[in-house]
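Quick caveat: nothing in here was measured; it's all calculated off a predicted structure. When reading the values below, keep in mind they use all heavy atoms of this one structure, side chains included, and skip hydrogens, waters and symmetry mates.
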Amino acid sequence: IFAVSVWAIVKQGDKLTPKAVAAVQATEQTAVKAVQTPSEVSSLTQVKDQLIHNLKHPLSLLLAQIIVIIIVSKVFGRLVRFIGQPTVVGEIIAGIVLGPSVFGLFFPEAMGALFPPESMKNLQFLSQIGLAFFMFIIGMELDLDVLKKKAHNAIVVSHASIMFPYLLGVGLSYYMYETFAPAGVNFLAFGLFMGIAMSITAFPVLAHIIKERKMNKTPIGMMAITCAAADDVTAWCILAVVIAIAKAGALLSALTTIIFALIFVLLMLYVVKPFILRVSKKQIKENSHSKAFIALAFFVLMASAYIAEVIGIHALFGAFLAGVIMPARFSIKEHITEKIEDVSLIVLLPIFFAFTGLRTQIGLLNEASLWGMCGLIISIAVIGKFAGSALAAKFTGQNWNDSLTIGALMNTRGLMELVVLNIGYDLGILSPQVFAMMVLMALATTFMTGPSLDLIDWYAKRKSKQKEVIHQNS
């Protein structure tokens, strides 16, 4: 009865004629003629056109992209696990495969349909939100108390692992600038950015490798994690300064940005942090983790990222700082992390890898000289980070085996390197060619960590057996 009543009203409504203004009647009549009635178009054609329209809708396209990205990322993540590599290596490879280097090369029309240029902004926004959450988690995982206890050795090693590759990176930029720097980028910005891009260590990937190899309770494992944590803090502070200089252009503007950044950091450490600590103590006293506190943590995250972006030191630094000032109590951090980590790691970070892969055009390296430059970048990156960390560790009293292990671990770049490279690409400091070379460097240095550790262990065991044989013979 209801359906029949609605149908009757609709049929009667079709007979009604709206009162239109005389000036627009002609236009409306033309529009009405242009619209085909159901009798003029077959039902199948209507359904087909509607489906095509729905498939091309921005939301439908974005959901299809996310589905494909997650599936491909998980497939490659599982594949690399079989050869002893961390999942992040597979996800980086998956991003490159989905980009113009592989998918676009063999199936250009399919890539154009799935990843049209106008949809890239949506992926970029989602990836940036995912990175902000991820940097917030990384900030919370830093244990400042451990850093203070192991401050001397960790700071010596971590700072050496930044200074050596930074110097080599700036030196390399002098050789590359005239040929590879984008138009309009001054040498100061290009050189400083190449230096920091060479200096990054992937703290989360390093921690994952150490945990997988059951080194997290060993002195060398704890030393490596502490060095990587100190490295991250220092490198992100330097990166904030480099971004300020690159964005400001003039030295006075850059100095103003740096002053604002220092004020922002001091306010976060000495005003916001004590306030959050008082709130967290109340939560623990009441034995509850209310939604209000979770909302406060998210608010601090978003507000810190927003202020950092407005100041000119990038939203990701603000998200990282927001994580650092979260209460050190494990239950609080664990409760906040479980709210963010799953969505960030499973959905949003693979989107970032795919977005990076869509930007990476390995096909641009179409000459032997370009591949030679790529090899030079990888070599300098390994020499600076591996050798710098190992020599510094030896200087602090470690034996050669442990020193080389620290060097191999600190050479891991992974996700953090891709974050830095995307910042440089967005700022226009890196050209597409240099971006592709640096992405390959990040992949190569991360990929070599596992085999390097295996080789160091094999050599140490072999040397130990030789000593035993010599001792027995004597």
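- Annotation: side chain of Ile92 is not in contact with side chain of Phe447 (no heavy-atom distance under 4.5 Å).
- Among all heavy-atom pairs drawn from Arg413 and Ile200, the shortest one is CG-O, 3.3 Å.
- Between the Ser431 side chain and the Phe180 main chain, a donor and an acceptor come within less than 3.5 Å of each other.
- Side-chain contact between Val419 and Phe134: absent, with no pair of heavy atoms (C-beta onward) separated by less than 4.5 Å.
- For Phe260, the CZ atom is loosely surrounded, since the number of other residues' heavy atoms within 6.0 Å does not exceed 12.
- A side-chain donor from one of Thr356 and Asn422 sits under 3.5 Å from a side-chain acceptor of the other.
- Side-chain atoms of Gln65 come within 3.5 Å of backbone N or O of Leu114 as a donor-acceptor pair.
- Environment of CZ in Phe107: sparse, with no more than 12 heavy atoms of neighbouring residues, nucleotides or ligands closer than 6.0 Å.
- Side-chain contact between Tyr425 and Pro432 is present, with heavy atoms from C-beta onward closer than 4.5 Å.
- Of the candidates Thr445, Thr201, Leu168, Thr201 is the only one forming a side-chain contact (heavy atoms from CB on, under 4.5 Å) with Lys385.
- Using a 4.5 Å heavy-atom cutoff, the side chains of Tyr174 and Phe190 are not in contact.
- Among Val185, Leu430, Val170, the single residue meeting the side-chain contact (heavy atoms from CB on, under 4.5 Å) criterion with Phe193 is Leu430.
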